[in-house]
2 protein chains.
Amino acid sequence: MFEIGEASRQSGVGIETIRYYEREGIVPKPVRATNNRRMFSAHDVGRLRFLKKCRDLGFPLADTKTLLSLTEGDEEDCRSVKELAELHIFNVREKINELKRLEAALNELTANCDSGNVSCPMLSKLRTDQ
Amino acid sequence: MFEIGEASRQSGVGIETIRYYEREGIVPKPVRATNNRRMFSAHDVGRLRFLKKCRDLGFPLADTKTLLSLTEGDEEDCRSVKELAELHIFNVREKINELKRLEAALNELTANCDSGNVSCPMLSKLRTDQ
DNA sequence: TCTTGATCCTGTAGCGACTACAGAAGTTAT
DNA sequence: ATAACTTCTGTAGTCGCTACAGGATCAAGA
């Protein structure tokens, strides 16, 4: 059994974040020692590590919670997992495309922008009222 | 002079957002009619439109405020504008790369994930404690 | 034994950039 | 006169943390 600092180190989840997950009901409340400190089992730490991986993959916290409950239920509903993951991949792709569009627009805007101009071409493009 | 709804329609900035910009000091306080309603000049609306474009380009609100003040100052410091924009482009590129990495990782994870599996390969990969 | 420093606790507030109310007041159209 | 619309102020919620403040507890060294 580990105190919260050790659980944080082993899982990569910040101390404050662990307490936040507990408050939000993402993870079950850990047992407390007689001094009121939280004590985490190896299984608790494994759960935190799982959460960390999901979050690093960009899953929203709500999805992460769902995935966690799927791992802890008696049957693993692989189809649900796949659906969740594919929707997420779709969203990631959309975001990539949006950012690419953004990048192109920014490149075009700054193309004629050279230091020393009296009037900034980027600003004037942004200002045009149409 | 327009009331806030018309200013919102013409600029594309939401009513609540306009009031938020005012509260935050992003835009100067508009004049008020005798009935206490905000009245926006064409210039005010132009400013909102400028803000909208910057935000659509993904500039943080703080940068947007800077850009706005650069357009309204007596001299347009084109170098400052360019620096700001290039830093932003850099950030956008970084975000794109991060998302691409994410997408690849997700694709790999779901590759063996077919409906009907007894044990979900994605979940077991996420669960491995290493 | 005393002290120092690390760790932990609870509770609250802040971040960014809005968005969504509630409840009141004013305006416009029928 | 009534209904429907718009605006006003003020506050709280969103997401996922993160950063305090102020206090308790613990381990190690002098």
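Below, chain A is the first sequence line, B the second, and so on; all start at residue 1.
Of the inter-residue distances, the one linking B:L70 atom CG with A:L126 atom CG reads 11.5 Å to the nearest 0.5 angstrom. Between B:L84 atom CG and A:T110 atom OG1 the span is 12.0 Å, to the nearest 0.5 Å.
Between the CD1 atom of A:I4 and the P atom of D:dA24 there is a distance of 20 Å, given to the nearest Å. Nucleotide D:dT7 holds its P atom 5 Å from the CD atom of B:E3, rounded to whole Å. In this structure, NZ of B:K65 is placed 12 Å from P of C:dG16, rounded to the nearest angstrom. Straight-line distance from the CZ atom of B:R9 to the P atom of D:dC5: 13 Å, rounded to whole Å.
Looking only at atom types and distance, the side chain of B:D63 has no donor-acceptor partner in the side chain of B:T66 under 3.5 Å away.
Counting only distance, with no hydrogens or angles, the side chain of A:K52 and the backbone of A:S11 share no donor-acceptor pair below 3.5 Å.
Legend: residues meeting salt bridge (charged side-chain N to carboxylate O under 4.0 Å, His left out) with A:E86, ordered by chain and number and at least two apart, are A:K82. With sequence neighbours excluded, the residues satisfying side-chain contact (heavy atoms from CB on, under 4.5 Å) with A:N97 are A:R101.
Of the listed residues (A:I96, A:L99, A:L102), just one forms a side-chain contact (heavy atoms from CB on, under 4.5 Å) with B:K95, and that residue is A:L99. Checked against A:E3 for a salt bridge (Lys or Arg N to Asp or Glu O under 4.0 Å), the options A:R32, A:R9, A:R37 give a single hit: A:R37.
Listed by first and then second residue, the ring-ring contact (aromatic ring centres under 6.0 Å, His included) pairs involving residues 79-107 of chain A are A:F59-A:H88 (not counting sequence neighbours).
Heavy atoms of other residues, nucleotides or ligands lying less than 6.0 angstrom from CD of B:E6 number more than 12.
The stretch residues 56-63 of chain A comes close to DNA chain D through A:P60, A:L61, each having a heavy atom under 4.0 Å from the strand. Looking at residues 14-39 of chain A, you'll see A:I15, A:R19, A:R32, A:N36, A:R37, A:R38 sit with a heavy atom under 4.0 Å from some atom of DNA chain C.
With axes fitted over five pairs at each extremity, the angle between the ends of the helix from C:dT1-D:dA30 to C:dT30-D:dA1 is 20° (10° resolution).
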